[in-house]
Student: 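Before I ask anything, let me first share the structure, which is written out below as structure tokens.
Along the sequence shown, residues carry numbers from 1.
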Amino acid sequence: MISAFNETAAKEFVEHYPDIPEKLALRIYTSRLIGRNPDLVLHGGGNTSVKLNQKNIFKENQEILYVKGSGVDLATIGQEGFSGLDISFLRKLRSLNSLSDDEMENQLEIRKVESSSPSPSVEALLHAFLPHKYIDHTHADSVLILTNLKHGKSLIKKALGSRVAVLPYTMSGLPLAKEVVSQYEKDTDIEAIVILNHGIFTFGEDARTSYEKMIDYVNKAESFIKKELRGKALITPRTDIPSFENMETATARVSQTVRGVCAHQASDGSLRRFYVEARNEPDLLKISLSREAQTICTSGVFTPDHAIRTKNQMVYIESVPKNDGKLKTIVEQKVETFKQDYHRYFNKQQKDRGVDRKELDPYPRVFLIEGLGLISLGFTRKDARIAADIAEHTVRAKLKACAIGEYVPIFDSHIFDMEYWNLQQRKLHLASSTPLLQGQVAVITGGGGAIGFGIADRLLATGAVVVLSDIDEPRLQKVRSILVEKYSESQVEVIAFDVTNYPLVEKAFEEISRRLGGIDIVIPNAGTAHVAKIEDLDPNKLDQVIAVNLKGTFNTIKASIPVFKRQGTGGNVVVISSKNVFDPGAAFGAYSASKAGAHQISKIAALELAELGVRVNMINPDAIFGDEEISSNLWDLIGPDRMKSRGLDYHGLKEYYRNRNLLKANVLAEHVGNAVVFFAGNQTPTTGASLPVDGGIPAAFPR
């Protein structure tokens, strides 16, 4: 590890933010250097601070501590990510013998100089008590490796030298802050303080000094570890595991199964589903195939802070049978064992402390799968990725630790303190309720057109992750870019495939499952049209329309069934049918007949998939034109002919269709999207239904 500090870059950074005090700008600059190095901190971990003298509202000089906000990511932190606190008052808290969590949180909140700033880091008091202008704190992998060994204190001293103090693990807050400042006052020559099973603090009178001391001491730890590992094998390969014929397929199957087994009922009665993040780097595959894999999974987190993201243990799946039933049985048994262990841990810790806490969900977050690597779970994609990143670092670090000496798991009491600490829980942004479709994955074919866009927009607004598909990739990417700007990049995926080719649809669903864990909502929407009377209809054109509209719907539904079966959590298929199913038009036989066939196959699917808890419903839109930004593929095809036959321009044609429905309504793509959300949200126990979204066309009333 080398210092990333650059004088020119630092100067340019300060000049780029002329409205920010220079010392705070440099604090932001070096904080980002720390945050961008995953070997130092991950996803909101670590914290930094700077002390500044500023004028208050009375024009009096006041010393202000700017400390990182709780859960703020150092990699992207800005001025708004720091909380300014009245340091003179905070230092008075040192005289207290104890301070409850609620009172500490209260004192930190009421001592903020700006009410809109984030809640301060849980280690704000430590930053306040130490006298240094700049303080940096990280959970550096190399430091944690040494502190989690049996003789961690002596190893740290040996590796980092005499100017580093080492303290036992102490809960963050007032106790840790008092321990650290007392240690510093005993020896003011120390340059860093290491907390066992927690991390390292460095400090200095300028931003560069504090940051580069961090890099220097982490380097010393890395060098020591490298020397200790010289000539040692990190893993013992197993020889009793058959290789996979298709690793991609196996990963998809396991992800679907794990996701389904871990889905569970929330307190409000809804089904909580997870997203999946899979990692299969070569070294992770080797680790999953080693004799050390089981120990890695059951020996606890590297620091209690990680437990809120990954739980304290991982689940090891040491065999992946080809039979889906056998695989599900193995996963169910492993998850049930994990849950029972978690219940015992929770109940024991509650009893030992004499406290009353509400138990968090007991489901695992990380699985190490033989031959496939890591699979992590999260209620959001961000949560799943954070868990995967932490697990990756933990697995690799544990191997090194075990090769050096005896790895000592952290006490369960420390894990419980952190996992059920309300000040730490707020990092997870736990809400009393979740969006209707959060945790669900929706796949929309024909995603490059107006209706696909409207459906995606409404699904995203209710919390789903949406996968858009189309054979027109430029249109697909345009839709994605608009949706990403409105929502977030992690909520929108695209994958191009041809719905007329079943093997391609099957492969696409497999790829979606590898990316996200599975599929819950399937919207066959891809369609095409051709205008011709029967006597003029080219049989080849008829075949093309049937291939997309009928066979494409069939292929999409068929490919979803194995996914629904492995997950075992039900689901929804919402077929975008057509008003023409009930009210066909002349010279539109290819479209009307193929849509009627798709409608009928969807009714059959409703009969057959009910036993899986999968509902199949149809939506019959009419005259969805789209707009200039995202037009309708269908009306791009048939619009010119309709305008010509009626002597109308584009706007005149839209007005014609508006006036022909009973409600005289402009029927929009978002209206179709609202109907999809109604079905996908299981608002009523309905399957096999046809819902018109057409403003009221009497001839198209379902009957």
Side-chain angles (χ1 to χ4, degrees), residues 42 45 139-156 159 166-172 176 194-200 221 225 228-229 232 234-236 287-288 290-318 334-335 337-353 359-360 362-368 374 376 387 389-421 424:
L42 289 167
H139 304 145
D141 289 349
S142 58
V143 172
L144 289 177
I145 286 172
L146 298 178
T147 68
N148 279 277
L149 293 174
K150 186 174 182 179
H151 302 291
K153 182 175 181 178
S154 60
L155 288 172
I156 285 289
V166 184
L167 296 176
Y169 180 85
T170 305
M171 187 74 170
S172 295
L176 179 62
V194 171
I195 313 299
L196 298 179
N197 310 118
H198 184 162
I200 179 171
I225 291 168
E228 290 293 308
L229 291 176
K232 295 179 180 178
L234 295 182
I235 62 172
T236 308
I287 294 168
S288 74
S290 72
R291 299 194 181 280
E292 288 76 14
Q294 182 67 49
T295 300
I296 287 172
C297 289
T298 57
S299 52
V301 290
F302 244 38
T303 179
D305 186 66
H306 289 169
I308 66 170
R309 301 291 193 177
T310 65
K311 300 291 188 182
N312 191 33
Q313 296 187 354
M314 306 177 194
V315 172
Y316 182 49
I317 306 292
E318 63 269 20
K334 292 283 187 177
V335 170
T337 298
F338 186 97
K339 288 167 59 181
Q340 290 174 6
D341 288 344
Y342 189 89
H343 289 316
R344 281 192 290 269
Y345 145 79
F346 175 78
N347 291 330
K348 182 178 186 302
Q349 293 304 317
Q350 270 208 130
K351 182 179 179 181
D352 289 350
R353 283 168 170 69
E359 185 178 5
L360 300 172
Y363 288 86
R365 293 298 189 272
V366 183
F367 292 75
L368 185 60
L374 281 172
S376 66
D389 287 344
I390 291 173
E392 270 197 68
H393 279 258
T394 299
V395 165
R396 291 174 177 134
K398 274 190 184 180
L399 275 182
K400 293 178 181 178
C402 292
I404 293 172
E406 182 181 345
Y407 181 86
V408 180
I410 301 165
F411 293 141
D412 282 352
S413 57
H414 294 327
I415 300 299
F416 185 86
D417 286 342
M418 189 62 70
E419 194 176 5
Y420 285 87
W421 193 22
Q424 197 72 336

Student: For Lys334 and Glu318, what are the C-alpha separation, side-chain angles and deciding distance, and is it a side chain to side chain contact (heavy atoms under 4.5 Å, CB included)?
Tutor: CA-CA 10 Å; Lys334 292 283 187 177; Glu318 63 269 20; 2.9 Å; yes

Student: Do you know the tightest heavy-atom contact between Ser142 and Ala221?
Tutor: OG-CB, 3.5 Å

Student: So which atom in Met171 and which in Leu176 form the shortest heavy-atom distance, rounded to 0.1 Å?
Tutor: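 Smallest interatomic distance, heavy atoms only, reads O-CB, 3.3 Å.
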
Student: More than 12 non-hydrogen atoms from neighbouring residues, nucleotides or ligands closer than 6.0 Å to NE2 on His343, yes or no?
Tutor: yes

Student: With a 4.5 Å heavy-atom cut-off, do Thr394 and Thr310 have their side chains touching?
Tutor: no

Student: Looking at Tyr316 and Ser288, would you say the former's side chain and the latter's main chain have a donor-acceptor pair under 3.5 Å?
Tutor: yes

Student: CD1/Ile145 to CG/Leu229 distance, rounded to the nearest 0.5 angstrom?
Tutor: 8.0 Å

Student: Out of the candidates Thr303, Thr170, Asn148, only one should pair with Asn197 under the side-chain hydrogen bond (donor to acceptor under 3.5 Å, both in side chains) rule; please name it.
Tutor: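 Going through the options one by one, the only one that passes is Asn148.
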
Student: Closer than 3.5 angstrom, by distance alone: can the side chain of Tyr342 be matched with the main-chain N or O of Pro364 as a donor-acceptor pair?
Tutor: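 Such a contact is absent between Tyr342 side chain and Pro364 backbone.
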
Student: Could you state the interatomic distance from CZ (Phe346) to NZ (Lys351), rounded to the nearest 0.5 Å?
Tutor: 14.0 Å

Student: When you measure from the side chain of Lys153 to the backbone N and O of Pro168, does any donor-acceptor pair fall under 3.5 Å?
Tutor: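 Checking the backbone N and O of Pro168 against the side chain of Lys153, no donor-acceptor pair under 3.5 Å is found.
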
Student: Taking the side chain as C-beta and beyond, is there a heavy-atom pair between Pro304 and Ile415 under 4.5 Å?
Tutor: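 Side-chain contact under 4.5 Å: yes.
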
Student: Taking Ile296's backbone N and O only, do any of them form a donor-acceptor pair with Lys398's side chain (distance below 3.5 Å, no angle check)?
Tutor: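 Yes; judged by distance alone, with no hydrogens or angles, the pair exists.
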
Student: Roughly how far apart are Leu360 CG and Glu419 CD, rounded to 0.5 Å?
Tutor: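 Atom-to-atom, Leu360:CG and Glu419:CD are 5.5 Å apart.
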
Student: Working to the nearest 0.5 angstrom, can you tell me the gap between Asp305 CG and Met418 CE?
Tutor: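 Rounded to the nearest 0.5 Å, the CG-CE separation comes out at 5.5 Å.
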
Student: Would you check, one step at a time, whether the test side chain to side chain contact (heavy atoms under 4.5 Å, CB included) holds for Asp352 with Phe416?
Tutor: CA-CA 11 Å; Asp352 289 350; Phe416 185 86; over 6 Å; no

Student: Mind checking side-chain contact (heavy atoms from CB on, under 4.5 Å) for Ala391 and listing every partner two or more places apart, or none if nothing turns up?
Tutor: Met314, Val366, Leu374

Student: For Ala397 versus Phe302, what's the shortest heavy-atom pair and its separation?
Tutor: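 The answer is CB-CE2, 3.4 Å.
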
Student: Taking NZ, NE, NH1 and NH2 as the nitrogens, is one of them in Glu228 or Lys400 under 4.0 Å from a carboxylate oxygen of the other?
Tutor: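 No.
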
Student: According to salt bridge (charged side-chain N to carboxylate O under 4.0 Å, His left out), who are the partners of Asp417, at least two apart in sequence or on a separate chain?
Tutor: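 In terms of salt bridge (charged side-chain N to carboxylate O under 4.0 Å, His left out), with neighbours along the sequence ignored, Asp417 is linked to Arg353.
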
Student: Which pair of non-hydrogen atoms, one from Leu196 and one from Gly152, has the smallest distance, and what is that distance?
Tutor: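 Taking Leu196 first and Gly152 second, the nearest heavy atoms are CD2-C, 4.3 Å.
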
Student: If I compare all heavy atoms of Val143 with all of Ile156, which pair ends up nearest, and what's the gap?
Tutor: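 That closest heavy-atom pairing would be O-CD1, 4.1 Å.
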
Student: Going by the angle between their ring planes, with limits at 30° and 60°, are His306 and His139 parallel, tilted or perpendicular?
Tutor: perpendicular

Student: May I ask you to decide if Val301's main-chain N or O and Asn312's side chain share a donor-acceptor pair within less than 3.5 Å?
Tutor: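 Answer holds: yes.
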
Student: How far does OG1 of Thr147 sit from OH of Tyr169, to the nearest 0.5 angstrom?
Tutor: 11.5 Å

Student: Over all heavy atoms of both residues, which pair between Val315 and Phe338 is shortest? Give the atoms and the distance, please.
Tutor: CG2-CD1, 3.7 Å

Student: Please check if the side chain of Gln313 supplies one atom and the backbone of Thr298 the other of a donor-acceptor pair under 3.5 Å.
Tutor: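 The answer is yes, because a donor-acceptor pair under 3.5 Å joins these two groups.
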
Student: Output the distance between atom CD1 (Ile404) and atom NZ (Lys232), rounded to the nearest 0.5 Å.
Tutor: 6.5 Å

